[in-house]
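Structure first, then comments.
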Amino acid sequence: MQRTHLILIVVITILLSVGGACININANTQAMDQNLLNTADLISRLYSFTKNLPQDEFRKYFNSVCEELPDVDVISIVNSSNFRLYHTNNNLIGTIYGGTNPHLEVAQKDLHIVDENGPSGPQRRTYSAIYDDNGDYCGFIMTIILKTSIHSAMVKTVMLFIIVTIAAILIEIAISRTISHRLKQKLLGYEPETFSSMFTIRDNILESIHDGVLSVDSENQVQFVNTVAEKILGDDEKSQADMKKKIFAEKFLARILKNGESIFGVREKTESGTELLIDCIPVKKDGHIDGAVAILHDRTEYTKLMEDLAGTKYLVDSMRANNHDFTNKLHVILGLIQIGAYDKAVSYIENISIIQRETLSQVIRLVDNPSFAALLIGKIARASECNVKFVLKEGLHFSSADIQLPSEALVTIVGNLIDNALDAMNQKASLESVTGSSSRELIFGAFTKPGELLITVKDRGCGIPKELRDKIFENGFSTKGTGRGVGLYHTKNLVESLGGKISFESQAGNGTCFMVNFKQS
C-alpha cells in the first residue's frame, strides 16, 4: 500500500513539475521577446531625442542606458548606410554592419524578432526602424539577447523545478510513511486485505451467535448491530429502529463510556415483552475508552438453561452428600453384622429406608421447583453429615405459580443462608464441645401465597454479638478468617435486586434466624 502510494505521488509530482517547467520556459521566452520589443521601442524614442548630440555624449548616454537594461545583452544602432552609430561593444562604433539587413524601410515602424548569428554568437534579435524628422527611413536599431543567456535562464528554471520536485518528493515520502504508519496502527498492524478478511469473518461470527450485539464508538454513536439485536430491539421502520438503538445506547452504554466499568446481568424488558439480561463492556485502546459493547441475552432461554444447570448441580451435590451418608450407614450395618447383631442390623436398615423415603417424599410434595427441591435434599444430607438435625418447618409450602423468581437466584439465596447456619453450629460445637441433637438443629421454612414468598432459616448456633450486627452484610466482613465474608453481602444484593428484603434476629449463645421476604404485585 505504501509502495503504491509513493509511486503514484512521485509520478504525479514529476508530471506536474515537467508541465510546470515547460509552461514556465514558454512564459519566459514570451517575456524575453516582449522585453526585446519594449526595449527596442524605448531605444527608438531615446534616439529621436539624442541623435543630434555629439558623438562622445551620444555614446556615454547609451552606455548608461545599457547599464540600466540588464536583461538585454546588446544594443546596436545602424544608419541607412549600415554604419554603426552605437554598439554596446564600443569598439564596434563607427564600423560597418555586415549582417542581415531587415529592409525595414518597406514597412515603416515595423518590429521584427528573429534568430540570427552575430559577432557574439547565436542570438535573439529585434529590429526596429528609425526615421528622420521628415519621416524618411534612416536606419534601424537592434536589441539582442544572446542564446547563451537564454539557455542559462532555461537551465536555472529547470534546476529550480528539479530542486523543488526533489524536495516535494522527499516531503511526500515522509508524509506517506507517517500516514501509512498511522493507518497501519489503526489497522492493528494488518494489511488492508488481511484486515478486510478478518472484518468479514468477524461479521459472520457476530451474525451467527444467538445473543444480540450492539457496539458504539467513543461518541456513543451506534457502529454495529447484529441481526439478533435488531430483532430483540424491534423490526420497525429504519427511522424508528435507529431511534430505538440510539435510546438503548444512551440508556445503557453512556455511563460505560463515562466511567469505563463493566456492568453484567442488567435486567430489562422490551416493548414486545422479551425479558433481557444485558452485559455492558467498555472497549479500551492504549488505556483510553474507544467505545462500548452491549451483549443482549434472551432471559427466557438464559433462565431455562440456568435452571437446568442449577438443578443438575444441586442434584449432583445431593447425590454426593447422600453417597457419603450411605457409606457411613453401611459401615454401621457391617459392624452390626460382624458382631452378630442381625436383628439390630435389619431394624437399622428398615429405619433408614423409612426416614429417607419420608424425607424425599416430603420435599418433593411440598416444593414444586426441581432445582429448589434438589438443593434442599442436598442440604439435608449435608446437615446429617455435620450431625445437625434439618427440620422442615410445619406448613412449609412452595409453589412456583405464586411467585416469579429465577430458580438460580432462589437456590443461591437459600443455599448461602443454610451454609451460614451450618457453619454457625459447627463453630459453636468446636468452641463449646456441645453435643446432642437438641442443641444442633436447623429449622427451615418456605411459604408462598399469590405474589408473596417468605423464607426463614433458623439455627441454634452461637448467635451474632450486638456490636457485629451492623457489619454482617458488609463485603469482606467475617469472623471465620480471611478470604470470607462475601456470602451474605452477595445474598443481600441479590435479594434487593429482585425487589425483596432480608433481615435477621439473633440472640448470643442461642442462635440466629434469617428472614427473606418477596412481595410482587
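No hydrogens, no waters, no symmetry mates; every other heavy atom, side chains included, goes into these values. Values in this document were obtained by computation on a predicted structure and should not be read as measured data.
- For the side-chain contact (heavy atoms from CB on, under 4.5 Å) with V216, the qualifying choice from L257, I256, V225 is L257, the only one to do so.
- A 6.0 Å sphere centred on CZ of F49 holds no more than 12 heavy atoms belonging to other residues, nucleotides or ligands.
- In this structure, CG on L214 lies 8.5 Å from CD on E230, to the nearest 0.5 angstrom.
- A distance-only check finds a donor-acceptor pair linking the side chain of D73 to the backbone of L146 [under 3.5 Å].
- Between V222 and D242, the closest side-chain pair of non-hydrogen atoms is not below 4.5 Å.
- Looking only at side-chain heavy atoms (C-beta outward), V74 and H87 come within less than 4.5 Å of each other.
- Counting heavy atoms from C-beta outward, V213 and V293 have side chains that approach closer than 4.5 Å.
- A heavy-atom distance below 4.5 Å is not found between the side chains of Q520 and E452.
- A donor atom on one side chain and an acceptor atom on the other are found under 3.5 Å apart for Q34 and N38.
- The two residues I289 and G260 have their closest heavy-atom pair at CD1-CA, 3.4 Å.
- Aromatic rings from Y97 and F140 are positioned such that their centres are separated by under 6.0 Å.
- One distance of note links CZ of R59 with OG of S64; it measures 11.0 Å at 0.5 Å rounding.
- Nearest approach of A294 to F248, heavy atoms of both residues: CB-CE2, 3.7 Å.
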For this session: Let me see the working for E496 and K492 under salt bridge (charged side-chain N to carboxylate O under 4.0 Å, His left out), right down to the final yes or no.
Result: CA-CA 6 Å; E496 292 178 349; K492 182 175 184 293; 2.7 Å; yes

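- Side chains of D211 and L296 form no contact here, defined as non-hydrogen atoms less than 4.5 Å apart.
- To the nearest 0.5 Å, atom CG of residue L36 and atom CD1 of residue I144 are 9.0 Å apart.
- By the 4.0 Å N-to-carboxylate-O rule, E261 lies too far from R255 to be salt-bridged with it.
- For the residue pair N416 / T491, a side-chain donor-acceptor distance below 3.5 Å is found, with atom types taken as modelled.
- By the neighbour-count criterion of 12 heavy atoms within 6.0 Å, atom CG of N26 is densely surrounded, having more than that number from other residues, nucleotides or ligands.
- For L253 against A292, the heavy-atom pair with the smallest separation is CD2-CB, 4.0 Å.
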Exercise. Between S218 and D290, does a side chain to side chain donor-acceptor pair (under 3.5 Å) hold up when you go through it step by step?
Worked result: CA-CA 5 Å; S218 58; D290 203 36; 5.0 Å; no

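- Nearest heavy atoms, R84 versus V78: CG-CG2, 4.3 Å.
- Between the side chain of N79 and the backbone N or O of S81, at least one donor-acceptor pair lies under 3.5 Å.
- Residues R125 and Y127 have side chains that bring a donor and an acceptor to within less than 3.5 angstrom of each other.
- Inter-residue side-chain proximity for F473 and F504 is flagged as met; some heavy-atom pair is nearer than 4.5 Å.
- By the 4.5 Å heavy-atom criterion applied to side chains, I232 and L276 are counted as neighbours.
- Of the N and O atoms on the side chains of H297 and D279, at least one donor lies less than 3.5 Å from an acceptor on the other residue.
- Counting non-hydrogen atoms of other residues, nucleotides and ligands closer than 6.0 Å to CD of E219 gives a total of 12 or fewer.
- Without hydrogens or angle criteria, T88 side chain to I75 main chain gives a donor-acceptor distance under 3.5 Å.
- T39 and T143 are not linked by any side-chain donor-acceptor pair at a separation below 3.5 angstrom, with hydrogens and angles left out of the test.
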Exercise. Are V516 and F518 close enough, and set up right, to give a side-chain contact (heavy atoms from CB on, under 4.5 Å), and what steps lead you there?
Worked result: CA-CA 7 Å; V516 177; F518 291 97; 3.4 Å; yes

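- Side chain of E268 to main chain of L277: no donor-acceptor pair is present (N/O by atom type, distance under 3.5 Å, no hydrogens or angles).
- Note that the CD1 atom of I413 and the CG atom of L453 stand 8.5 Å from one another [nearest 0.5 Å].
- Residues L494 and A409 come closest through the heavy atom pair CD2-O, 3.8 Å.
- By the 4.5 Å heavy-atom criterion applied to side chains, Q55 and L85 are not counted as neighbours.
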For this session: Check the pair V18 / C22 against side-chain contact (heavy atoms from CB on, under 4.5 Å), numbers first and verdict last.
Result: CA-CA 6 Å; V18 170; C22 292; 4.3 Å; yes

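- One finds the OH atom of Y137 at 7.0 Å from the OG atom of S80 (value rounded to the nearest 0.5 Å).
- Remark: side-chain polar atoms of N89 are not paired, donor with acceptor, to backbone N or O of L92 under 3.5 angstrom.
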For this session: List the steps, then state whether side-chain contact (heavy atoms from CB on, under 4.5 Å) holds for Y47 with F62.
Result: CA-CA 9 Å; Y47 175 75; F62 275 99; 4.3 Å; yes

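- Summarising the geometry of A129 relative to S44, their closest heavy-atom pair is O-OG, 4.2 Å, with the distance given to 0.1 Å.
- Here the OG1 atom belonging to T126 is positioned 11.0 Å from the CG atom belonging to D41, to the nearest 0.5 angstrom.
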Problem set entry | Derivation and outcome, side-chain contact (heavy atoms from CB on, under 4.5 Å), residues M159 and K156 | CA-CA 5 Å; M159 290 301 297; K156 288 181 180 178; 5.8 Å; no

